[in-house]
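Please read these numbers as outputs of a predicted model, since none were measured by experiment. Scope of the values below: all heavy atoms of this structure, side chains included, with no hydrogens, waters or symmetry mates.
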Amino acid sequence: MTSPSTTKTKVYGLIAAAGMGTRLGAELPKAYVELEGRTLLERSAAAMGEVCDELIVTVSPEMEEHARALLPGAHLVHGGGERADSVWAGLQHIPDDAIVLIHDAARALTPPEMIARVAEAVRSAPAVIPVLPVADTIKVVDEHRVVSTPDRSKLRAVQTPQGFRVAKLREANEAYFSGQQEFVATDDASLMEWFGVPVTTVEGDPLAFKITTPIDLTLATAILNKELS
């Protein structure tokens with residue numbers, strides 16, 4: 001029998017795949033678009049499965065049968081109208097004493113090594129996100145007029161999966177959905193920041209880019225073809 005001191009906290013993977021992703025211009029929801037013979041959802045789930053103990057995927061009711069055929073080993077949950085609603089629905093199936101890694105299905109080339117970095121870091125921190133330095137100069141604008149230019153050295157591009165201790169993330173979600181605040185969470189890390197929880201960063205990976213537009217899909221295809229050649 002394993003002693004409590006050597007038992008590791010269980011890691012759940014939660015993949016958000018209930019959205020339409022219309023900017024990709026496909027007939028199917030973005031998660032079900034194929035990339036070199038495998039859907040974005042399958043590729044994301046395979047990478048997460050190398051690190052996570054269990055996998056939960058939020059899907060639309062219309063795509064549930066299709067998703068079940070693609071991922072027979074995953075636990076499927078109906079998502080909501082917004083990403084935050086889908087994450088909240090998925091959290092209902094994860095115990096408070098676990099770790100959850102929340103991932104976008106569209107980041108289909110995310111390396112398992114990066115996912116593992118997040119999983120390991122969140123064992124000692126309540127919230128962890130993978131980030132990359134920003135290469136472009138960023139401007140704050142008011143309509144068409146530049147207001148300011150932030151110091152690029154302090155800016156980071158945020159990726160997924162984002163890792164959290166479930167109990168604290170649940171508290172933040174409960175506060176978010178019970179209030180009438182003007183704040184709108186753009187990702188789970190911003191929700192934790194709003195709730196007053198410190199968010200730690202780890203090194204991201206260029207391959208964890210989000211496939212959103214046809215150009216992104218072309219880039220992902222080229223990367224895979226180069227790796228396979």
List the atom of [X], the atom of [Y], and the distance in Å for their closest heavy-atom pair.
X: Ala84; Y: Tyr176; result: CB-CE2, 4.4 Å
X: Gly80; Y: Ser86; result: N-OG, 2.9 Å
X: Leu40; Y: Ala106; result: CD1-CA, 4.4 Å
X: Gly204; Y: Leu132; result: C-CD2, 3.7 Å
X: Ala208; Y: Thr160; result: CB-O, 4.4 Å
X: Ala17; Y: Val57; result: CB-CG1, 4.0 Å

Hey, what do you get for [atom1] ([X]) to [atom2] ([Y]), rounding to the nearest 0.5 Å?
X: Arg165; Y: Arg170; atom1: CZ; atom2: CZ; value: 13.5 Å
X: Leu71; Y: Met48; atom1: CG; atom2: CE; value: 12.0 Å
X: Arg156; Y: Thr201; atom1: CZ; atom2: OG1; value: 7.5 Å
X: Ile211; Y: Leu109; atom1: CD1; atom2: CG; value: 5.0 Å
X: Ile138; Y: Asp151; atom1: CD1; atom2: CG; value: 12.0 Å
X: Leu55; Y: Ile15; atom1: CG; atom2: CD1; value: 4.5 Å

Within-4.5 Å side-chain heavy-atom neighbours: [X] and [Y]:
X: Tyr32; Y: Val59; result: yes
X: Pro130; Y: Asp205; result: no
X: Thr9; Y: Val11; result: no
X: Lys210; Y: Lys30; result: yes
X: Thr39; Y: Leu28; result: no
X: Thr218; Y: Ile215; result: no
X: Leu191; Y: Phe164; result: no
X: Ile102; Y: Leu169; result: yes

When hydrophobic residues are tied together by side-chain contacts of less than 4.5 Å, even through go-betweens, does [X] share a cluster with [Y]?
X: Leu155; Y: Val158; answer: no
X: Trp88; Y: Phe183; answer: yes
X: Val184; Y: Val197; answer: yes
X: Ile94; Y: Phe177; answer: yes

| said: Does atom CD (Glu174) have a neighbourhood of more than 12 heavy atoms from anything else shown, all under 6.0 Å? | reply: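 Yes, the 6.0 Å shell around CD holds more than 12 heavy atoms from other groups.
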So, the side chain of [X] versus the backbone of [Y]: is there a donor-acceptor pair under 3.5 Å, distance only?
X: Glu50; Y: Pro112; value: no
X: Arg123; Y: Ile99; value: no
X: Ser44; Y: Leu41; value: no
X: Asn225; Y: Ala222; value: no

| Can Thr221 and Glu36 be said to form a side-chain contact (heavy atoms from CB on, under 4.5 Å), step by step? | CA-CA 7 Å; Thr221 300; Glu36 294 297 284; 3.3 Å; yes
| query | Out of Glu62, Arg68, Met63, which one pairs with His66 under the side-chain contact (heavy atoms from CB on, under 4.5 Å) rule? | reply |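 Passing option: Met63.
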| query | Taking 4.0 angstrom as the limit, do Glu171 and Lys168 come out as a salt bridge? | reply |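 Salt bridge: yes.
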| said: With side-chain contact (heavy atoms from CB on, under 4.5 Å) as the criterion, how do Gln159 and Met114 come out once you've worked through the C-alpha distance, each side chain's angles and the decisive distance to 0.1 Å? | reply: CA-CA 10 Å; Gln159 301 177 314; Met114 193 196 87; 3.6 Å; yes
| task | Check the pair Val166 / Asp97 against side-chain contact (heavy atoms from CB on, under 4.5 Å), numbers first and verdict last. | result | CA-CA 7 Å; Val166 172; Asp97 61 352; over 6 Å; no
| task | Only pairs at least two apart or in different chains count here, so list each side chain to side chain donor-acceptor pair (under 3.5 Å) that has a residue in residues 74-84. | result |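 Qualifying pairs, neighbours excluded: Glu64-His78, His75-His93, Arg83-Asp104, Arg83-Asp188.
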| request: May I have the step-by-step check of side-chain contact (heavy atoms from CB on, under 4.5 Å) for Glu203 and Val131, ending in yes or no? | output: CA-CA 6 Å; Glu203 182 183 1; Val131 300; over 6 Å; no
| task | Only counting residues at least two apart or in another chain, list the ones meeting ring-ring contact (aromatic ring centres under 6.0 Å, His included) with Tyr12. | result |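 ring-ring contact (aromatic ring centres under 6.0 Å, His included) list for Tyr12, sorted by chain: empty.
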